[in-house]
Amino acid sequence: MNPKTHQSAQTLFALLIACVFTAASLLLVVLGADSYRNSLHSITVNHQIRAALSYTANQIRSADNAESISIESLDGRQVLLIRSEQAERNGNTYLYFRDGYLMELFSGGQDPFEPEYGEKITEIKQFAVTKSGNSFIVSATALNGRQFSVSVCPRAS
């Protein structure tokens with residue numbers, strides 16, 4: 001074999017090894033990014049559903065008394081209504097589902113329920129509250145379709 005041909009074959013072999021290494025590295029990065037994206041989506045969905053349930057549970061627990069909490073139908077939607085009659089915080093807190101979000105609206109005791117003025121709490125697929133005895137069962141469906149529930153007993157029941 002000619003020395004020049006031998007050197008060309010060695011150079012070609014080195015370039016081939018470098019290309020294989022580069023392709024394997026690129027494949028590893030692509031697979032890692034996809035795995036990271038899936039993990040991040042799962043964590044985000046978990047956070048959203050936990051935020052919806054824990055926020056609602058804390059609102060129920062913070063009520064003045066069990067009689068100040070009711071589930072009502074206002075403007076065609078189910079609303080968890082928490083009335084507060086403390087001097088510094090006299091008003092109504094409404095928790096409801098609207099346009100893919102758990103929403104909260106605080107208004108004065110005599111002010112009407114206007115859902116468009118509520119604050120977005122977190123993005124979810126569905127939200128419902130039912131009463132069972134002294135407890136409230138809060139159910140929410142995550143964006144991935146998984147449903148979660150929590151049973152909450154008001155602090156002052």
Side-chain angles (χ1 to χ4, degrees), residues 18-157:
C19 287
V20 168
F21 177 75
T22 302
S25 297
L26 184 62
L27 180 65
L28 183 64
V29 167
V30 169
L31 291 175
D34 188 48
S35 176
Y36 177 76
R37 189 177 308 112
N38 290 339
S39 296
L40 185 62
H41 177 70
S42 177
I43 289 168
T44 301
V45 167
N46 186 35
H47 169 72
Q48 288 169 330
I49 203 72
R50 287 174 51 98
L53 294 176
S54 63
Y55 188 82
T56 306
N58 286 332
Q59 288 290 2
I60 290 171
R61 287 186 192 110
S62 70
D64 294 338
N65 56 56
E67 290 77 34
S68 65
I69 306 169
S70 63
I71 301 168
E72 298 186 9
S73 180
L74 301 172
D75 289 347
R77 70 183 79 236
Q78 183 194 48
V79 175
L80 178 65
L81 173 58
I82 303 170
R83 293 176 189 82
S84 178
E85 297 175 7
Q86 297 174 354
E88 67 276 357
R89 191 178 171 192
N90 186 16
N92 297 324
T93 300
Y94 302 92
L95 291 171
Y96 55 97
F97 178 76
R98 181 175 192 253
D99 297 334
Y101 288 90
L102 172 62
M103 307 280 287
E104 177 187 47
L105 174 68
F106 180 78
S107 65
Q110 303 303 322
D111 294 337
F113 172 65
E114 298 180 81
E116 61 274 8
Y117 294 117
E119 295 288 325
K120 293 177 180 175
I121 303 300
T122 189
E123 187 177 16
I124 53 176
K125 198 172 187 177
Q126 284 182 303
F127 177 78
V129 180
T130 56
K131 187 165 180 158
S132 176
N134 289 337
S135 298
F136 289 88
I137 299 170
V138 181
S139 301
T141 303
L143 297 176
N144 64 4
R146 291 186 59 196
Q147 185 172 6
F148 298 89
S149 297
V150 64
S151 179
V152 184
C153 188
R155 171 183 65 137
S157 61

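Side-chain atoms of Ser42 never come within 3.5 Å of backbone atoms of Asn38 as a donor-acceptor pair (strictly under, hydrogens ignored). Although no hydrogens or angles enter the test, the distance criterion places no donor-acceptor pair under 3.5 Å between the side chain of Ser35 and the main chain of Leu31.
Residues that satisfy the side-chain contact (heavy atoms from CB on, under 4.5 Å) test with Val150, not counting sequence neighbours, are Leu53, Val138, Val152. Tyr55 pairs by the side-chain hydrogen bond (donor to acceptor under 3.5 Å, both in side chains) definition with Gln59, Glu104, not counting sequence neighbours. Partners of Ser135 according to the side-chain hydrogen bond (donor to acceptor under 3.5 Å, both in side chains) rule, which considers only residues two or more places apart in sequence or in another chain, do not exist here. A search for salt bridge (charged side-chain N to carboxylate O under 4.0 Å, His left out) contacts involving Asp99 returns nothing, not counting sequence neighbours. Remark: Arg83 pairs with Glu72 by the salt bridge (charged side-chain N to carboxylate O under 4.0 Å, His left out) rule, at least two apart or across chains.
When all heavy atoms are compared, the tightest approach of Phe127 to Tyr96 is CD2-C, 4.5 Å. Summarising the geometry of Thr141 relative to Gln147, their closest heavy-atom pair is OG1-CG, 3.9 Å, with the distance given to 0.1 Å. Considering all non-hydrogen atoms of both residues, Lys125 and Ala142 come closest at CB-O, 3.5 Å. Residues Leu74 and Val79 share a closest heavy-atom pair of CB-CG2, 4.1 Å.
At least one side-chain heavy atom of Ile71 sits under 4.5 Å from a side-chain heavy atom of Phe136. The closest side-chain heavy-atom distance from Met103 to Lys120 is below 4.5 Å. Counting heavy atoms from C-beta outward, Asn58 and Arg61 have side chains that approach closer than 4.5 Å.
Sorted by first and then second residue, the pairs that involve residues 27-45 and meet salt bridge (Lys or Arg N to Asp or Glu O under 4.0 Å), not counting sequence neighbours, are Asp34-Arg37.
Between Tyr94 and Phe113, the ring planes lie tilted relative to each other; the angle falls in the 30° to 60° range.
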